Every structure is written in C-alpha cells, then in structure tokens.
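Accompanying notes for the structure given below.
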2 protein chains.
Amino acid sequence: MPMPTSDRPARRSAGRPANSTITREAIVNVALDQLDRVGAHAFSVRDVARSLDVYPSTIYWHVESKEALLAEVASLVMTGAIPPRGSGDWKTWLRSLFKRYRKAVLKHPNVAQLLGAQLVSNASLSIDLIEGVISVLLEAGATEANLREAYNCVISAMTGFMTMELAPMPLDDPKGWAAALEGRVRSIDPLEHPTLTRHLHLLANKAFILRWQNGSQVPLTSSFNAHVEIFLAGLEVFLSQENDSVD
Amino acid sequence: MPMPTSDRPARRSAGRPANSTITREAIVNVALDQLDRVGAHAFSVRDVARSLDVYPSTIYWHVESKEALLAEVASLVMTGAIPPRGSGDWKTWLRSLFKRYRKAVLKHPNVAQLLGAQLVSNASLSIDLIEGVISVLLEAGATEANLREAYNCVISAMTGFMTMELAPMPLDDPKGWAAALEGRVRSIDPLEHPTLTRHLHLLANKAFILRWQNGSQVPLTSSFNAHVEIFLAGLEVFLSQENDSVD
DNA sequence: ACCTGAACACCGTTCAAGT
DNA sequence: ACCTGAACACCGTTCAAGT
C-alpha cells in the first residue's frame with residue numbers, strides 16, 4: 001500500500017494545505033523524539049515522515065538532508081548549555097560549562113553519538129561557546145603560543161568522555177551480548193591478569209570496556225566529575241608553564 | 001544481472017571450493033581496506049562481498065553481523081598498541097600508550113569512529129590494556145576509593161580526543177560545505193565576538209568547530225600532545241589528593 | 001562445510017506531477 | 001509554495017537449495 005501510514009484515516013491531498021503544520025521546527029522536534037527512542041543508528045527520515053503522516057519527500061522540501069536534520073537536532077539539544085560570562089573565575093566557568101553540557105546531553109543521551117563522532121559538531125556547537133572558551137582561556141593566562149592547544153583540549157574534554165559513556169550497545173541481542181560480556185569479564189584468568197582480577201569488583205559494569213550497559217542505564221557521574229577536575233588541574237599546570245617570560 | 005561483479009569472468013559454482021580463499025581473516029582484511037577508503041558511514045558488507053567476488057550471504061557464513069565484522073577490524077588495528085610493562089614509571093607508560101594509540105589509529109583514521117562512539121570498543125580493546133592501565137594506576141598511588149574514576153579517565157583520554165579529531169566531514173558536497181563553513185567563520189561579527197575575531201588566525205581550520213577539514217587531512221598533533229600532558233599533570237594531582245591518610 | 005541465488009523488509013534521495 | 005506518488009539505487013540479513 002502506498003500510504004505513509006495504514007491506520008491514519010484522513011489522507012491529505014496534494015497542494016498547499018490549509019493547516020500548514022509541517023514546519024521545519026516540527027520536523028526537528030519529531031526527529032529528536034525519534035532519536036531518543038531508536039538511537040542514531042536506527043534513525044530514519046522515513047520514520048520521521050511516517051510520524052508526521054507525510055511522504056518522505058515532504059521532509060526534503062523543508063530540510064536538505066538527513067545529516068542536516070540531525071545537526072539541527074543536536075543544536076536544539078545544545079541550546080542553553082553555554083554558561084553566561086562574568087560568573088566567577090575561569091575554573092568556575094569551565095566547570096559550569098562541563099556540567100551544563102552533561103546535563104543537556106543526559107536529557108537526550110543519543111545525541112552524544114552525533115556530537116562526538118560525526119562532524120555535526122561543527123554546525124551544532126555555537127559561536128558563543130567558542131567566544132566564551134577563548135575569553136576564559138586568555139583570562140587563565142593562555143598566550144598566542146598555546147591558545148589553540150588549550151582550546152582544542154577544552155572542546156575535547158567537554159565532549160570526549162560522554163561520547164564514550166553514552167556509546168550505543170550492540171543493537172540486536174542486547175541480553176545475550178550483555179550476558180556474554182559479563183561471562184567473559186567474570187572468567188578472566190587470575191594468573192594472567194592478577195591485578196584486574198583483584199579489582200574487578202570495583203570496575204564490573206562501571207568502567208569502560210568492562211561494562212555491559214551504557215551511560216544512559218548506568219551513569220558514570222563520579223568518573224565524569226573526576227575527569228573534569230583532572231582536566232582543570234592539568235590545564236592550570238599547562239598554562240603556567242611557559243609563563244617564565246611574562247612575570 | 002545476478003552476478004556479484006560483472007567484469008570478473010570466472011564464476012565460482014556452489015559447494016565447497018578447492019581453493020578456500022574466503023577465510024574469516026581475508027574478510028576482515030578486505031573490510032579494513034573498505035573502511036579506509038569509504039569510511040564507517042558508507043561501509044557495507046555487500047561491498048566487501050563484491051571485493052571478494054562472492055555473494056553477500058557468504059560473508060554471513062564466516063561472520064555473524066556487520067557490527068561483529070567492524071569490531072574485528074577495530075581490534076586488528078589495535079593490535080600492538082599496548083606498550084610492554086616495565087618501561088619506566090607510570091607517566092612514561094601512559095604517555096607511551098597514548099602515543100602508540102595515536103600512531104595506530106592514524107594509520108587507519110576511520111576506525112576512530114568505531115572506537116569512540118560505537119561500543120565496538122568493548123570487543124576491540126583488549127584485556128591486556130586493562131591490566132596494564134590498572135597496574136600503572138596502582139603504582140601511581142591510586143586507591144580503592146579512586147581507581148575506577150582514574151581508570152575511566154585514562155580510557156576516555158586515550159580515545160576521546162582522536163574521536164573528535166578524526167570525526168568524518170559531511171559526505172556529499174565536501175567542497176561546498178567546506179567553503180560555506182570557511183565563509184561563516186571568516187564573516188564572524190567582530191562586535192559580537194571580539195575575542196574570537198582577534199584570535200581567529202590561530203584557530204581557523206586548526207581547531208574544533210572552526211575547521212573544515214578533519215584530522216586525517218589536518219592533524220592536530222600539537223594539541224593532542226598538550227592534551228596528553230594536561231591529563232598526566234591533572235591525574236598526578238588527582239591521585240595525590242586523598243593520600244593524606246597514607247603517609 | 002561452504003557457497004549460490006533469491007527474497008524480505010527496509011533505506012536516502014530525486015523528480016515529475018499535482019494543487 | 002508545498003505536497004503527492006513513484007521511482008532509483010541501494011542496504012543488512014535470512015534461508016532454502018545446491019555440491
């Protein structure tokens with residue numbers, strides 16, 4: 001059957017509709033819903049069209065590609081994640097940035113895959129974020145010689161951890177796969193890997209590579225917080241290193 | 001035409017072949033080639049089958065799924081990236097780990113997408129890596145109270161930066177997209193974003209969000225090195241914090 | 001045991017045609 | 001301007017059937 005959905009009774013005829021509900025904004029909202037439900041891998045523009053009860057080609061009148069749609073979705077999730085300036089020193093501002101980013105992404109865990117590994121980030125992360133990071137780094141003592149490096153490290157610190165934390169589990173057979181990994185983890189040879197064996201109880205299902213559930217089911221909050229503090233402490237050391245010629 | 005390839009003259013008939021060239025290993029090697037050429041997004045098991053001049057279903061006799069195949073490819077790239085124990089102190093070992101990881105991934109940039117954002121990492125990163133990281137962290141002074149956090153930060157520091165650095169550019173229209181971003185970057189309003197404008201020359205095409213080529217075309221080596229040093233310095237601070245009860 | 005060949009249930013995207 | 005309807009060129013995966 002050629003209908004987008006089989007149970008919807010009223011079929012819209014061609015031409016400009018009286019009630020123009022199919023806006024770009026509506027498409028993006030539905031797309032975010034889809035992404036939340038099925039993940040980036042199973043996300044399809046045909047499903048978005050089905051939810052809106054239109055043909056797939058309709059989507060392409062409002063949006064240029066699947067990629068552009070996902071970029072828009074990602075930037076929707078990111079709105080409001082940048083802290084205002086003037087709230088404390090550089091460490092406070094960066095800490096606030098990281099925490100706001102985490103909060104925003106945890107509301108829609110599947111966007112982490114977009115922000116980290118697809119260059120969607122280029123379109124989704126705002127110019128204001130960049131301006132804020134640079135200002136704060138200069139305030140922290142960054143120079144022409146190390147500003148670029150410090151900036152790149154801030155952006156990667158912001159996104160990197162959560163990209164891994166929220167990486168998707170294998171799609172099919174989630175139960176069997178989890179059981180298999182759990183079995184593999186629990187049957188590690190104590191003779192070959194004594195240290196791992198001794199500390200496995202601390203790590204099982206709460207550490208990268210050794211877990212069978214991802215961050216949306218088992219958040220790694222304390223590790224993320226450690227990650228932030230490690231980065232801030234390290235950045236301070238890094239920025240104070242080449243300052244022998246300044247003072 | 002039903003043939004997998006149209007130009008190959010000799011078509012294999014069904015049944016067990018005399019020269020059994022289609023091994024699991026051969027499939028993984030061809031898959032790595034494919035991944036290097038087309039990227040994770042365009043990678044298809046049908047293309048792998050075409051390269052081997054067999055039907056797609058043949059692949060599925062040797063390998064359980066596309067996902068499992070990519071996991072195998074990733075772990076192939078990772079072999080040998082773990083430094084041997086006993087070479088210096090914990091900082092030296094971790095630095096060596098990060099540099100080896102970078103070297104291995106740069107040889108096959110498209111696996112970065114697999115290692116970072118898909119949970120392929122679970123299958124691809126080895127148990128030996130875990131054992132090494134834990135040992136070295138204990139040597140560095142990690143306790144039961146912070147081992148898990150430190151471990152998670154090491155793994156994320158290893159993969160996070162490069163996942164972003166090697167994130168794929170938009171597939172279609174790469175030239176137009178690059179020009180568009182370049183234009184957008186160069187036309188930033190100096191009044192609204194004065195700091196960014198002043199330092200844009202340092203960042204253009206060499207910084208996250210502000211670049212139009214990815215890490216395989218424009219490597220961010222100095223930033224990665226800074227990232228490593230920032231992490232190591234920060235980790236040292238982190239591990240020495242709760243040690244007031246020890247000495 | 002290992003492969004063919006066909007089929008199933010999907011995709012993203014394009015484009016003429018309608019109103 | 002905005003949508004239909006059909007089509008194109010693909011996918012991953014399954015499964016009976018061959019040898």
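Here the structure is a predicted model, which means the values were calculated and not measured. Protein chains get the first letters and strands the later ones, always in sequence-line order, with residue 1 at the start of each.
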**Request:** Go through D:dT4, D:dT13, C:dT4 for me and flag the one nearest to the A:Y55 side chain.
**Result:** D:dT4

**Request:** List the steps and the verdict of side-chain contact (heavy atoms from CB on, under 4.5 Å) for A:L114 and A:L35.
**Result:** CA-CA 10 Å; A:L114 306 178; A:L35 186 67; 3.8 Å; yes

**Residue B:W61, side-chain atoms from C-beta onward, closest of C:dG5, C:dC3, D:dT4** = C:dC3

**Asked** Rounded to whole angstroms, how far apart are CG on B:D53 and C1' on C:dG5?
**Response** 14 Å

**Message:** Less than 4.0 angstrom between a side-chain N/O of B:R24 and OP1 or OP2 of C:dA1, yes or no?
**Reply:** no

**Request:** Spell out yes or no: do the side chain of B:S57 and the base of C:dG5 have one donor N/O and one acceptor N/O closer than 3.5 Å?
**Result:** yes

**Request:** Round to the nearest Å and state the distance from B:K66 atom NZ to D:dT13 atom P.
**Result:** 8 Å

**Atom-pair distance (CD1 on A:I59; P on D:dC3), nearest Å** = 9 Å

**Asked** A:R46 CZ to D:dA7 P: how many Å, rounded?
**Response** 13 Å

**Request:** Counting heavy atoms from C-beta on, name the nucleotide in C:dT13, D:dT4, C:dC3 closest to the side chain of B:I22.
**Result:** C:dC3

**Closest-nucleotide 5' rank along DNA chain C - winner of A:D47 and A:T58** = A:D47

**Request:** Side-chain contact test, heavy atoms from C-beta onward, threshold under 4.5 Å: evaluate it for A:R211 versus A:V218 and give yes or no.
**Result:** no

**Side-chain heavy-atom pair A:I27, A:I22 within 4.5 angstrom cut-off** = yes

**Request:** In whole angstrom, give the distance that lies between atom CD of B:E64 and atom P of D:dT14.
**Result:** 11 Å

**Item:** Criterion side-chain contact (heavy atoms from CB on, under 4.5 Å) on B:L129 and A:I209, from CA distance to verdict
**Value:** CA-CA 10 Å; B:L129 167 67; A:I209 318 175; 4.0 Å; yes

**Complete:** Rounded to the nearest 0.5 Å, the CD1 atom of A:I188 sits from the CD1 atom of B:I127 at a distance of 4.0 Å

**Fill in**
Which of C:dC3, C:dC11, D:dG12 is nearest the side chain of A:R50? It is C:dC11

**DNA chain C base-pair string [pairs: Watson-Crick or G-U under 3.5 Å; |: paired with another strand]** = ||.|||||...|||||.||

**Asked** Think A:H62 has a side-chain N or O under 4.0 angstrom from the OP1 or OP2 of D:dC3?
**Response** yes

**Asked** Looking at the side chain of A:Y60, which of C:dT14, C:dT4, D:dT14 is the nearest nucleotide?
**Response** C:dT14

**Prompt:** To the nearest angstrom, how far is B:I27 atom CD1 from C:dC3 atom C1'?
**Reply:** 11 Å

**Request:** Sort and list the pairs that fulfil salt bridge (charged side-chain N to carboxylate O under 4.0 Å, His left out) and have at least one residue in residues 21-31 of chain A, not counting sequence neighbours.
**Result:** A:R24-A:E64, A:R24-A:E72

**Item:** Minimum side-chain heavy-atom gap B:H227-A:N152 below 4.5 Å
**Value:** no

**Request:** Report the distance from atom CD of B:Q34 to atom C1' of D:dG12, rounded to the nearest whole Å.
**Result:** 15 Å

**Prompt:** Reckon A:S44 has a side-chain N or O less than 4.0 Å from the OP1 or OP2 of C:dC10?
**Reply:** no

**Request:** Pick the C1' atom in C:dC10 and in D:dC8, then give their distance to the nearest Å.
**Result:** 15 Å

**Asked** Hey, do the aromatic rings of A:F161 and A:F208 have their centres closer than 6.0 Å?
**Response** yes

